[in-house]
Amino acid sequence: MTAISDTNTKTMDISDSANVYQKLQQWLVNHPIMFPLLLIIIVCLVVGTIAPSFWQMANVFDILRASVIRGLFALGVLVVLAAGGLEVSFTSVAALVMYSVTMLVTNYMPELGFFPIMVMGAIGGTLLGVVNGLLVNTLKAPSLIVTIGTQYAFRGFLLTFIGTALFMNIPASMEQFGQITLVTLTNDAGFEVKLPAYVLVLLAAALLTWFILNHTLMGRAIYATGGNPDIAERLGFKVPQVQLFVFAYAGFLAGIAGILHVSSNRLANPFDLAGTELAVIAAVVLGGARITGGSGSVGGTMLGVILITLVSNVLILVGIPSTWQTAILGSFILIAGLFFCFTDKKQA
Amino acid sequence: MSSKFLDGQLGFLLLVNALVVIASLFLVGPRFVGLYNLQSMAIQLSELGLLAFGVMLAMSAGRGGIDLSGVALANLSGVIAFMLTPTFATATESPLLYCWVFAGFCLLTGLAGGLLNGALVGYAGLTPIIATLGTQMLFTGIAVGLTGGSALRLGFIEPLDDFANTSVLGIPISFGLFLAIAGVLALFLKYSSYGVRLYLLGSNDNAAKFSGIKVKRMYLITYTLAGLLASVAGVIIAARTSSVKWDYGSSYVMVAILIAVMAGVKPEGGFGRVICVLMSAIALQLMSSLFNFMAISNFFRDCAWGLLLLIFLFASKVNITDFLRLRPSPATK
């Protein structure tokens with residue numbers, strides 16, 4: 001023990017600055033949540049310096065509002081990733097659920113309240129998620145490939161057998177829910193900016209996910225399975241059940257996200273949401289969840305989502321055309337991947 | 001080795017092909033096998049087949065190998081070649097030179113993109129999924145940024161158009177090139193030391209490492225090859241559509257994976273035969289064409305492809321080779 005502390009003090013004497021650097025590295029390794037936070041701060045400072053109009057409450061509202069759907073998806077992806085899988089079918093699940101449920105309610109029970117509609121969406125999403133989970137369990141193939149398959153199957157099913165036309169006469173209760181406002185502000189340009197109440201749904205989902213991951217046996221089982229499924233099995237966790245749970249939970253959140261998407265847009269378009277998968281996965285990876293499983297936190301994921309939304313919303317303010325968004329998101333994924341790869345090697 | 005050329009997987013794929021052709025003859029009639037339809041199928045097949053080879057290589061290398069960036073790189077190589085070529089040759093004055101320079105820039109882009117993937121997977125140690133997901137977005141993003149999101153028209157350039165649409169002895173030139181690449185790749189994987197090392201690496205990367213294989217360099221070479229194949233697909237796409245576009249073939253990523261899985265390439269690595277990928281691509285193209293003739297919507301086709309992917313994942317677990325063994329294998333206990 002003394003020997004170790006001796007060498008420590010020696011290195012400290014030799015070069016103080018190198019030590020500070022090492023400490024910073026170690027600190028970042030121990031606090032992966034700081035990575036998205038630092039990026040957010042950098043983006044805010046850069047954008048805020050070039051375009052001072054960035055600093056207003058209205059922008060915060062905009063970013064929060066635009067984060068809700070992506071955030072719900074990201075929480076689902078986080079839970080699947082933590083268990084060592086990958087899920088890309090959530091947009092298809094959401095589209096299939098939102099379109100079918102909205103159509104069903106509009107045609108047969110247009111007076112239905114919002115809460116039962118939300119429950120229907122959640123149940124529909126959970127069922128599709130269970131399909132994913134069962135397939136991953138039986139096929140024993142990488143869940144990325146399985147969910148690519150179900151992504152196309154679900155979307156193809158929706159567009160072939162249910163419908164392709166968007167419709168705007170959605171049930172009144174859904175429309176009303178999307179309009180409930182918590183706070184209204186007037187921004188610099190004189191427009192009214194509202195913070196919609198459905199932001200609270202994301203908050204509730206984040207708390208629920210945090211609780212499951214950190215305070216339940218299932219949460220332990222999820223991280224254990226993601227870390228090493230063989231060892232988790234030997235510890236007595238039932239890996240197939242964990243898989244089933246994480247995919248069902250991701251489906252549950254995707255179903256709710258679909259219903260919220262219709263409420264906030266006031267129309268049901270079966271082509272919506274497709275192609276947003278990568279940005280969601282990017283958010284989760286930026287938030288510190290390793291693609292190899294066993295890690296990831298709700299806080300980091302939420303910061304990752306805010307970072308992605310920030311990049312998509314405010315680049316235009318500093319004169320970067322929106323066409324470069326995808327390239328920037330791609331390089332963020334690579335930077336995050338490299339960063340966490342590097343810290344993993346440090347730890348090992 | 002050569003006695004096992006016709007293994008169960010290949011036999012099965014030939015059977016699927018035969019069944020689809022017979023079904024098509026009943027449902028569509030003789031025009032299904034008419035020269036025109038065969039040629040148009042062959043041209044489309046080349047693009048998908050090249051991308052599927054890339055996926056096959058990445059999957060064979062193991063460690064959760066996959067290349068999700070294939071079609072993005074194909075599109076990007078077309079876009080970059082479109083931007084750079086006019087500084088060296090003009091399409092109106094020297095069309096032939098233009099085409100060669102265009103193809104050269106495509107391949108260079110493919111090489112650079114493939115090297116990037118390979119360096120990320122091999123040297124930086126990123127998981128292939130995250131590396132190629134990131135580069136997929138990066139490549140797509142650069143293509144969107146450079147083009148501003150719109151398609152760029154190449155216009156009619158005779159040699160390029162000939163390359164895509166003219167046939168020699170009934171075989172479209174681009175398809176001929178595809179077959180040649182497939183042949184070279186098959187021989188290379190079978191007889192070069194690279195091929196042997198690739199499958200060893202995919203079967204057990206620890207064993208490969210301790211038997212002295214330079215694992216990092218293997219990943220670099222493998223993903224670079226996949227990038228080059230993607231850029232050849234980029235040339236064919238540009239020639240066939242006379243334009244370059246960032247979002248061409250958005251479902252190709254999934255279809256290329258489907259072709260590879262159908263061909264018996266194991267997502268865990270260590271398996272993958274060029275001839276099987278070729279047969280599986282042909283089967284898929286035949287089905288796709290059949291759907292077209294029967295006026296079945298594209299949406300249903302997506303649905304069918306998704307289900308097929310799941311079915312073949314299931315089939316790969318059941319191990320069809322045991323059921324369809326054509327002759328008793330000496331290897332069985």
Side-chain angles (χ1 to χ4, degrees), chain A residues 86 88-89 92 131 135-136 138-142 144-162 164 270-271 274-275 277-279 281-282 285 290-293 320-338 340-342 344-345, chain B residues 59 64 66 68-69 72 116 120 124-131 133-150 246-247 250-251 253-255 257-258 260-261 266-268 296-317:
Chain A
L86 187 54
V88 289
S89 72
S92 292
V131 171
L135 283 169
V136 169
T138 35
L139 300 179
K140 296 203 167 41
L144 168 69
I145 298 179
V146 174
T147 52
I148 286 179
T150 53
Q151 181 195 0
Y152 277 77
F154 291 157
R155 192 180 304 285
F157 180 82
L158 165 67
L159 297 174
T160 319
F161 299 108
I162 299 183
T164 51
F271 292 97
E277 300 89 6
L278 293 188
I281 294 171
V285 171
R290 312 289 200 289
I291 208 108
T292 42
I320 300 176
S322 55
T323 45
W324 284 101
Q325 266 172 32
T326 320
I328 291 171
L329 288 187
S331 31
F332 274 11
I333 292 195
L334 293 178
I335 293 169
L338 286 170
F340 289 121
C341 232
F342 177 71
D344 278 354
K345 278 179 195 162
Chain B
M59 276 191 183
I66 197 161
L68 300 170
S69 69
L116 177 63
L120 286 171
L126 261 73
T127 327
I129 291 178
I130 215 63
L133 199 71
T135 52
Q136 181 194 20
M137 285 183 95
L138 186 67
F139 297 154
T140 310
I142 295 175
V144 181
L146 288 175
T147 59
S150 50
W246 65 273
D247 63 345
S250 49
S251 67
V253 177
M254 180 265 186
V255 178
I257 294 173
L258 170 58
V261 170
K266 297 256 185 295
E268 308 87 70
I296 290 172
S297 82
N298 282 344
F299 304 132
F300 180 73
R301 188 165 59 186
D302 281 352
C303 185
W305 285 175
L307 291 175
L308 265 183
L309 180 60
L310 297 172
I311 291 169
F312 277 95
L313 281 176
F314 182 68
S316 77
K317 292 299 152 197

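Order of the sequence lines sets the chain letters (A, B, ...), proteins ahead of strands, with each chain counted from 1.
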Applying side-chain contact (heavy atoms from CB on, under 4.5 Å) to Ile328(A) and not counting sequence neighbours gives Val311(A), Leu315(A), Ile320(A), Phe332(A)
Value rounded to 0.5 Å, distance of CE in Met254(B) from CD1 in Ile148(A): 7.5 Å
How far apart are the closest heavy atoms of Trp324(A) and Leu146(B), and which atoms are they? CZ2-N, 3.9 Å
Non-hydrogen atoms of chain B under 4.5 Å away: do they reach the side chain of Ile335(A), the backbone, both or neither? neither
For residues 133-142 of chain B, the side-chain hydrogen bond (donor to acceptor under 3.5 Å, both in side chains) pairs (sequence neighbours left out) are Asn117(B)-Thr135(B)
Atom pair CG (Leu133(B)) and CG (Leu144(A)), whose distance is rounded to the nearest 0.5 Å: 8.5 Å
Can you name the nearest heavy-atom pair linking Ala141(A) to Leu313(B), along with the distance? CB-CD2, 3.7 Å
If you define the side chain from C-beta out and look only at heavy atoms, does anything of Ile145(A) sit under 4.5 Å from Met59(B)? yes
Taking all heavy atoms of Cys303(B) and all of Ala153(A), pick out the closest pair and write down the distance. SG-O, 3.5 Å
Heavy-atom distance under 4.5 Å to chain B: side chain of Phe161(A), backbone, both or neither? side chain
Leu338(A) and Leu120(B), any side-chain heavy atoms less than 4.5 Å apart: yes
Sort Leu258(B) into side chain, backbone, both or neither according to what part of it lies under 4.5 angstrom from a heavy atom of chain A. neither
What part of Ile129(B) lies closer than 4.5 angstrom to a heavy atom of chain A: side chain, backbone, both or neither? side chain
Out of Leu278(A), Leu329(A), Ile281(A), Val285(A), return the one with the most heavy atom pairs under 4.5 angstrom to chain B. Leu278(A)
Ranked by heavy-atom pairs below 4.5 Å to chain A, first place among Ala131(B), Gly145(B), Ala143(B), Gly306(B) goes to Gly145(B)
In short, Thr160(A) meets Ser297(B) closest at the heavy-atom pair CG2-OG, 4.3 Å
Could you look at Val146(A) and say if it's the side chain, the backbone, both or neither that has a heavy atom under 4.5 Å from chain B? both
Which portion of Ile333(A) sits near chain B, non-hydrogen atoms under 4.5 angstrom: side chain
Taking every non-hydrogen pair under 4.5 Å, which of Asn298(B), Leu126(B), Val144(B), Val253(B) racks up the most with chain A? Leu126(B)
Bottom line for Leu309(B): the part with an atom under 4.5 Å from chain A's heavy atoms is side chain
Closest non-hydrogen atom pair between Leu135(A) and Leu310(B), with its separation: CD1-CD1, 3.8 Å
How long is the span from the CZ atom in Phe157(A) to the CZ atom in Phe300(B), to the nearest 0.5 Å? 11.0 Å
Using heavy-atom distances under 4.5 Å, tell me whether Ile257(B) contacts chain A through its side chain, its backbone, both, or neither. side chain
With chain A as the partner, which of Leu307(B), Ile130(B), Ile66(B), Val261(B) has the greatest number of non-hydrogen pairs under 4.5 Å? Ile130(B)
